[in-house]
Participant: 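Questions regarding the structure given below will be posed in turn.
Letters go in sequence order (proteins before strands), and every chain restarts at 1. Computation of the quantities below employed the complete heavy-atom set of this structure, encompassing side-chain atoms and omitting hydrogens, waters and symmetry-equivalent molecules.
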Amino acid sequence: MRGSGKYLPIVPVLAAYALLLLYGLAAPGKWQLVAQLAFYCALGQAFNLFMGMTGYVDFGYVAFLGVGTYGMAVTISSLSDGGLGLGIILIGFLAAAVFSTILAMAVGAVALRLRGAYFAIATIGVNEGFRYLIEGARIWNGADGIIFSRHLKTALGRKMAMTVSTFWADIFVFGVAVLAAVLTLYYLRNKVGYALLALREDEDAAKVMGIDVTRYKIIAFITSAALAGLLGASGWALKLTYVYPPDVFEIHYTVEAIIIVLLGGAGTLMGPIAGGLIYGVSKYFLAITLPGFQLLIFAPIIIAIIVIFPEGLVGILKGKVHGTSLEKFVI
Amino acid sequence: MKRKVLFLSVFLLAAAGMVLPALPCHASDGEILIGHPACLSGSYAKAGEQAVGGIQAILDWVNNTRGGIAVEGRKASLVYKYYDCESKKESVTSLLERLITSDKVHFTFAPYSSGLTLAGAPIAEKYGMIYMDHGGASDKIFQQGFEYVVQTIGPGSLYHAGTLEMVKAIDPSAKKVALAYADDEFARSVMKGAEERAAELGFEIVFNRTYPAKVTDLTPLLSDLKASNPDVIIGGGHFEDGQLLNRQLADLGIQPKLLSLIAAATLPAFGEALGDLAEGVMGPSHWEYGVTFSEKGAKKLGKMWIGPNQEEFVALFKKAVGKDMIPDYHAAEAGAAVLALVLAVEKADSLDPDDVREALGDLEFMSFYGGWNIDETGKQVGHSMVDVQWQKGQRVIVWPVAAQTGKPLYPKPDFK
Amino acid sequence: MPLLKCEHVSKRFGGMVAVDDVSFEIMSGELMAIVGPNGAGKTTMFNLINGVFLPDEGHIWFAGVDVTRFPSYKRAHLGMGRTFQIPRPFASATVQENIAIGAMFGAAGGELNVEEAMEVADEYIDLIGLKAHRNKPAGGLTPIEKKLVEIARALAMKPRLLLMDEAMAGMNPKDIDQMVTFIRHIRDVEGIAVVAMVEHIMRAVAGLAERVMVMHQGAKLVDEPTREALNDPRVIEVYLGRQAEEFNAKG
Amino acid sequence: MLKVENLQSGYGPMQVLWGPDIQVKPGTVTSLLGPNGAGKSTLLWTILGAVRPWEGKIFFEGEDVTFEPTHKKADRGLVMVPEGKHLFKEMTVYENLLMGAYRKGAQEEREANLELVYSLFPILSERRTQRAGFLSGGQQQMVTIGRALMARPRLLMMDEPSQGLAPKIVMEIFETVEKLKEEIGLTILLVEQNASASLEAADYVYVMHEGVIMAEGTPEEIEASHEIKEAYLGI
Amino acid sequence: MFFEQLSGNLVQGLILGSVYGMATMGLSLIFGVLQVVNVGHGAFIMVGAFTALILFQSLGVPPILAIPVALLIGMCLGMIFYYGAVKPLVSPSGAGIRKVGRRQLGKAAGVFVAVMIAMRILSGVLDLNIAFSIFIAIILMYAFLVYVYGGRRQEKGPELATLLVTFSLGVILEEVVKQIFTSEARGYNWDLGKLDLGFTVLPFTKILASGGSLTVAVLLYLWFNKTRAGMAMRSVVEDSVGARVCGVNVDWQYALSFSLGIGLTVTSGVLLTMFIPVGINPYMGGGYTLKAFVIAVLGGLASPYGAFFGGVVFGLLENGSYTLLAALPGGEPFALTRFFSFVMLLVILLIRPTGLLRRKG
């Protein structure tokens, strides 16, 4: 574990993303599929950073993607006449990160005192409550949402705007995924990771060891939330150029994130990538081959996988490579 | 070892069995492919099911009754390729791109709803693909500068114009209008239109409140509404909350002279669900089973006519979905969008999207669905709505007078 | 100055008084036992000292600081270590990682990075003699090994005071003797004060502690040097019964 | 009455029992001694059916009950006082005792058994409407034993009944054990850390170490063997 | 006027709340015994709603008589789902862990292919949908694995796994119902007249639904406290080891309480349709799931009759707060009542995480 080998597991991660990216660039007409897969991987990676590492299930996670989306949408729709050019996107990302961080701090201060099912239910409450606040108090246009395709075209020009939403937005999603992976590995290999490991295993014992559990939980929570904000800003706002509250505060996305993380293996670095790819590809093929029936097929498969392989794909892989030279690449 | 190989091959076979039908289908010569990331599951499953049936019905008519499409000197037939986007925005983009690039479709259809239509628009624009919007009613879609988005559904702001005119014509003493509707983009744009039209016609808005889209109990809102004692109640948003609104008005004994619900009252299942309580309830509709648009009528107006007549369409629809299901306006507008494409392709005599888009811009025609004409942004302006009323378990078109299949029942009978 | 000082500490749960107005002191390097049957308030007392619960009344000073309202981790930073009745090592972490976590975040912690903490952990692995299990997940160890890992983890924190919750429950007399020797060694070599909580193993109490506090129904019954405490008629009356006579007769 | 042959079992991949053989004769107190982690509790749980036996046989009153589930064994009168009490803390003392009479066959004699328990532990009669969670440690142990007696056991297995109790109360518990044997002729299988006390109470003793029986005999024989005491009991 | 509306809303809230409470008891019961949060809760309510609808529409059975049918259907579903998917994750005696390796998977794949072929042939005869055939084949393959080789109990994070499993069970129900009945929203019209209180109007069906809910809650309370079977289940909640040594078949109690919980939930679907007999569609449950979570927390999450009480409080607050919020200028009061109820949830979780009824600690 010591010295230079410490960060080796990033190699397969980067390789996986590079391959995916190359496939998207090389195979004609597969870019959006690749983008969708990257979105799932990034979603899994970002979610895993908190859920996988602390064992807390944030059922209202999608709220952070939602406010991130709003961060970008509000920025573009209000600053499009400012002649900022591409700078507007940077400001949008900044706004997304700031919005989601603020929300995470507020939620964290309240909900992180709870555990288990209580935490999960409280976070559902945050997501739903926040959505109804936006609709009820008519914040950010309320239920009318923001459609800013036109603003994006004003700010960047028609051609650039189109390239941004069909190509660069996806590259940003890749960026978020890689960032999440790097942060995950960095945390795993440093004190933060050990603190999180301790609190995941036994929170009381961790406290007694001198670990300020609240602080480390909040670190993981905010990191994860900020990444979600960036993901919302790129994968949803920039890509789709509109935002409606019911679309972005849809609790289904949290469930997808949980499925992805569990399929791959919670708390591992490569798990969310494996999970995201499997989830995305199988969903895609079912949507194509059996349109209208994919959920009917997919739901029992998920149950089967969870019951039969509870430790996830990377969990199994870790068991297989244990004691071989590949071990240091797999976490 | 042998065992392993055996099992592996069995797995591969099973996997292959699942994947094989997914191989892209390319258009052979003489086929025109229409691609559609449909909503067959998730929140818009009901509308998606209808839309797919409507498209298949019209396809059947075009290929078998009409004998295909004349383009570039040959007769081409239409082929429909649809996937299920699960009413999810991520899937819309990837499936749409697959349709465009792998399946090499010639034209694309948008999924249902304004949001999902917007989600796919950048992809369609990128590939310069015609993108037929049959379920996104938002006016805002057409303020974004998209070039290939073409609307068939009428814009939301016009839904209640006829209803209010009807009240004014029949009962000038009715003044007080209450609006109670779902808090979402669609219902809001409809109600904004209604509000403006009501002001123009001299009505007084005595109540104007929304409720969350997936509501299960409206009692508090309705007791508030009851206090304002309106003559006319206009509201709704979706099918479920429309039913709920109707039901709970009756429960609370609120007796307006007129009740009009968007997107709910016009569907066949509405009367089935509410029974006697639906009596006299109205709703604006893009199309209705019973609308009397005909080839003759079109000729009278000097408009081009295409497509099956209404009975034929209903029969084709039932055949397409394989169930005894009555098509509603979701099916009709999706079907009408296909007819628009057919005419535009023949007019342009080309499959090139830009030529066809230009032809669509110039196109004006009538079909079982009614008029069809778009402005330069792609927004539908040629289609007018009809007002439907439930009378003795049947849906009767009561407004405009020209389309009437029965006299309006006004004031509506009290809820029992 | 005492290392730990509790003054009139009380704690209630609902209508039940778990700890009732307890005051006592511990000096640096002292070996003390808190004795009492189940439900006497020992564990609650431990949790109050340790910051798992905050007292309803009273004050606690540790190393000259008023820690009454401090959370556990801050008390740990001041040099308070603890083990649990049922050992609670981090099951999926290896033995080395477990002990390193103690070194990383404990009193000496904050300064050590991961690599340094791992080295410190190796020293303690040698001390408890579990070198063979260094890279094994702690969840797979035997109960006694787990207990050792937990003690090593607490020691790696470099504490000034070690609170041991039932360090000897479930051990046979021979193991108890070994553990007593080990604890004494810790005190003698590292100068750590130890407060051990003991239910009813008089052998351990007599061998280990210099001072005994007996608790009864949440209150402090006696706080005396070991020999006196075990002969105290009040203790015999409510707690030891006949066994004390036997024990005193033997010892 | 109870006969265990070559029993093997464990948790997950970890084998704990490596084939101990024991026998309990009717009307006796049989004691099972051994260090922590020897597998004594696992043996009791396996006999009771909560841990699945991997191999071996369990006979109760001549019938093979190896794979019978716990509740079936309880119906036969095989009752256990678990380590760590496991009371129903939110229920009253009376309700706890009623739950003891849950098994088939104990229902009819409920009132008589209740009398017996109240006579053994008069304090429980006084506290019958109190919630069990509010009792002192010793009283809670009485409820646990009382609850087991309510089932009118044929064989009572007691797992560490003295754990966590004041020495004074430990004495009372052992006195109760002897009383149960003598007055109502109960057969008892006793697992204890407290070697000296249980040697005193037992008619026959098994010494267990790492999942196997290392020695057996009358208390006197065990008491006499220094090797056994040194190696396994550490006395 | 204001007070007339407020009192009207409070009365409506009270009777709606009692139905909500009833609709949450199943969730609380399952959590109390198995520590499983049933994320698919709403789907079971939907099944109840369809039961009432179908019985009323095609057989003319009044919904009040649909209750025993719904309870039976629910308990059967509960049993199937418990043994099929939940038991391998939570059962205390899941300890008989057997390994599911490559060989078993291979055999299961064989079963899968065999069943696929059979279904393919059958689908011709029975006119079965291909997707349905695959669905059934997967279920059979899975059942083969779980029953022949046994499940593995998860040592770590069974909570998370059960969240996903119950969610997926809900999805399966929704999709199956959608395939059978389409996603059309339906309703029925059972009219028993109305009670006009002046400030508000109550149809007798609503009163009946509320009374039915109260009856169920009382019966459940009596069952838990006065019967041998109820005490056995309660003992499992309090201490499963203790229950085991008393001769309670803990495994069976787990199955029974899951099944009873589902039964209660399906039954509540019937009562809910008596209250709101429209909008019955496969996806109707989502909103109820979220409401049930809030209500369950109000009542203490693990206590079924606490949940009933929580439902009443929730109904009163949600309906009552509308009148207050509507008096504020601007904003959308209805959406704000939702915001308000979730804020309430957080506040309660913070100050009284054990719910409004239970004591602290």
Side-chain angles (χ1 to χ4, degrees), chain A residues 27-37 39-40 131-132 135-136 141-145 147-154 158 161-167 169 235-236 239-247 250 252-253 256 280 283-297, chain B residues 18-22 24 37-38 40-43 45 48-49 52 82-86 88-104 113-116 118-123 125-127 138 140-141 143-147 182-185 187-189 210 212-214:
Chain A
K30 287 284 181 284
W31 179 252
Q32 292 302 325
L33 170 63
V34 165
Q36 193 183 359
L37 295 178
F39 177 80
Y40 287 137
R131 175 188 157 185
Y132 287 119
E135 292 187 357
N141 267 354
D144 278 334
I147 304 174
F148 56 95
S149 198
R150 181 168 50 94
H151 300 102
L152 193 65
K153 282 170 191 147
T154 316
R158 188 184 162 75
M162 228 153 73
T163 322
V164 164
S165 51
T166 55
F167 180 75
W236 283 353
K239 187 167 171 61
L240 308 169
T241 63
Y242 79 96
V243 46
Y244 289 146
D247 278 16
E250 166 63 74
H252 225 93
Y253 288 104
E256 284 190 325
K283 212 173 115 155
Y284 182 75
F285 272 105
L286 283 171
I288 288 164
T289 49
L290 297 164
F293 297 97
Q294 68 264 53
L295 285 177
L296 189 70
I297 308 288
Chain B
M18 287 180 77
V19 173
L20 267 179
L40 287 170
S41 39
S43 7
E49 203 178 356
V52 170
Y82 66 95
Y83 300 139
D84 181 5
C85 76
E86 238 179 84
K88 288 253 179 71
K89 41 196 186 296
E90 293 80 17
S91 299
V92 170
T93 53
S94 62
L95 293 176
L96 192 61
E97 188 180 58
R98 179 187 167 89
L99 286 162
I100 294 169
T101 57
S102 302
D103 298 327
K104 304 229 182 313
S113 91
S114 300
L116 294 181
L118 279 165
I123 305 298
E125 293 283 303
K126 178 187 171 188
Y127 288 98
S138 176
K140 286 185 194 136
I141 300 172
Q143 295 158 10
Q144 306 300 323
F146 294 126
E147 288 173 354
D183 195 3
D184 65 16
E185 189 272 338
R188 273 186 176 276
S189 71
T210 64
K214 281 182 180 160

Participant: If you count heavy-atom pairs under 4.5 Å between each of B/Ala187, B/Ser91, B/Ser41 and chain A, which one has the most?
Facilitator: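 Among the listed options, the one with the most contacts to chain A is B/Ser91.
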Participant: For the backbone of A/Pro291 and the side chain of B/Asp84, can you confirm whether one donor and one acceptor N or O come within less than 3.5 Å of each other?
Facilitator: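 Checking the backbone N and O of A/Pro291 against the side chain of B/Asp84, no donor-acceptor pair under 3.5 Å is found.
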Participant: Take A/Tyr244 and B/Ser114, measure what side-chain contact (heavy atoms from CB on, under 4.5 Å) needs, and give me the verdict at the end.
Facilitator: CA-CA 10 Å; A/Tyr244 289 146; B/Ser114 300; 3.7 Å; yes
Participant: Indicate the atoms forming the closest heavy-atom contact of A/Asp247 with B/Gly115, along with that distance.
Facilitator: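 It is OD2-CA, 4.3 Å.
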Participant: When you compare the side chain of A/Gln294 with that of B/Tyr83, does any pair of heavy atoms fall below 4.5 Å?
Facilitator: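 No, every pair of side-chain atoms sits at 4.5 Å or beyond.
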Participant: Is it the side chain or the backbone of A/Gln36 that comes within 4.5 Å of chain B heavy atoms, both, or neither?
Facilitator: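 Side chain only.
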Participant: Please list, chain by chain and in numerical order, all residues satisfying salt bridge (Lys or Arg N to Asp or Glu O under 4.0 Å) with B/Asp183, sequence neighbours excluded.
Facilitator: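 B/Asp183 satisfies salt bridge (Lys or Arg N to Asp or Glu O under 4.0 Å) with B/Arg188 once adjacent residues are dropped.
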Participant: State whether A/Glu256 and B/Lys88 are salt-bridged, where the test is any N-O pair (Lys NZ or Arg NE/NH1/NH2 against Asp/Glu carboxylate O) under 4.0 Å.
Facilitator: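 Salt bridge between A/Glu256 and B/Lys88, a charged N being under 4.0 Å from a carboxylate O: yes.
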Participant: Heavy-atom pairs under 4.5 Å with chain B: which of A/His252, A/Arg150, A/Lys239 has the most?
Facilitator: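 Ranked by contacts with chain B, first place is A/Arg150.
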Participant: Atom NZ of A/Lys153 and atom CZ of B/Phe146: how far apart are they, to the nearest 0.5 Å?
Facilitator: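 Spacing of NZ (A/Lys153) from CZ (B/Phe146) equals 4.5 Å.
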Participant: Give the minimum heavy-atom separation between A/Thr241 and B/Pro122, together with the two atoms involved.
Facilitator: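 Scanning both residues, the minimum pair turns out to be OG1-CG, 4.4 Å.
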Participant: Flag the pair A/Ile288 / B/Leu95 as yes when at least one side-chain heavy-atom distance between them is below 4.5 Å, and no otherwise.
Facilitator: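 In short, these two side chains touch, coming nearer than 4.5 Å.
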Participant: Give a yes or no on whether a salt bridge exists between B/Lys89 and A/Glu250, defined as a side-chain N under 4.0 angstrom from a carboxylate O.
Facilitator: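 No.
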Participant: What option among B/Glu49, B/Gln143, B/Glu86, B/Glu125 has the most heavy-atom pairs under 4.5 Å with chain A?
Facilitator: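 Highest number of pairs under 4.5 Å: B/Glu86.
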Participant: Is there side-chain contact between A/Asp144 and B/Lys140, with heavy atoms separated by less than 4.5 Å?
Facilitator: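 Yes, side chains in contact.
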Participant: Go through the steps for A/Lys30 and B/Ser102 under the test side-chain hydrogen bond (donor to acceptor under 3.5 Å, both in side chains), then give the verdict.
Facilitator: CA-CA 8 Å; A/Lys30 287 284 181 284; B/Ser102 302; 3.1 Å; yes
Participant: Name the option with the most non-hydrogen atom pairs under 4.5 Å to chain B; the candidates are A/Thr163, A/Val34, A/Leu37, A/Leu295.
Facilitator: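 Of the candidates given, the most pairs with chain B belong to A/Leu295.
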Participant: If we define contacts as heavy-atom pairs under 4.5 Å, which of A/Trp236, A/Phe293, A/Phe167 has the most with chain B?
Facilitator: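 Looking at each option in turn, the highest pair count goes to A/Trp236.
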Participant: Are A/Pro28 and B/Thr101 side-chain neighbours, meaning at least one heavy-atom pair lies under 4.5 Å?
Facilitator: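 Heavy-atom side-chain distance check fails, nothing below 4.5 Å.
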Participant: Can you name the nearest heavy-atom pair linking B/Ala119 to A/Tyr242, along with the distance?
Facilitator: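 Smallest heavy-atom distance, with atoms named: N-CE2, 3.7 Å.
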Participant: Kindly indicate, with the supporting measurements, whether the criterion salt bridge (Lys or Arg N to Asp or Glu O under 4.0 Å) is fulfilled by A/Lys283 and B/Glu90.
Facilitator: CA-CA 11 Å; A/Lys283 212 173 115 155; B/Glu90 293 80 17; 5.9 Å; no
Participant: State, with a plain yes or no, whether a side-chain heavy atom of B/Arg98 is found less than 4.5 Å away from one of A/Tyr284.
Facilitator: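 In contact.
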Participant: How close do A/Trp31 and B/Glu97 get, heavy atom to heavy atom, and via which atoms?
Facilitator: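 Taking every non-hydrogen atom into account, N-OE1, 3.1 Å.
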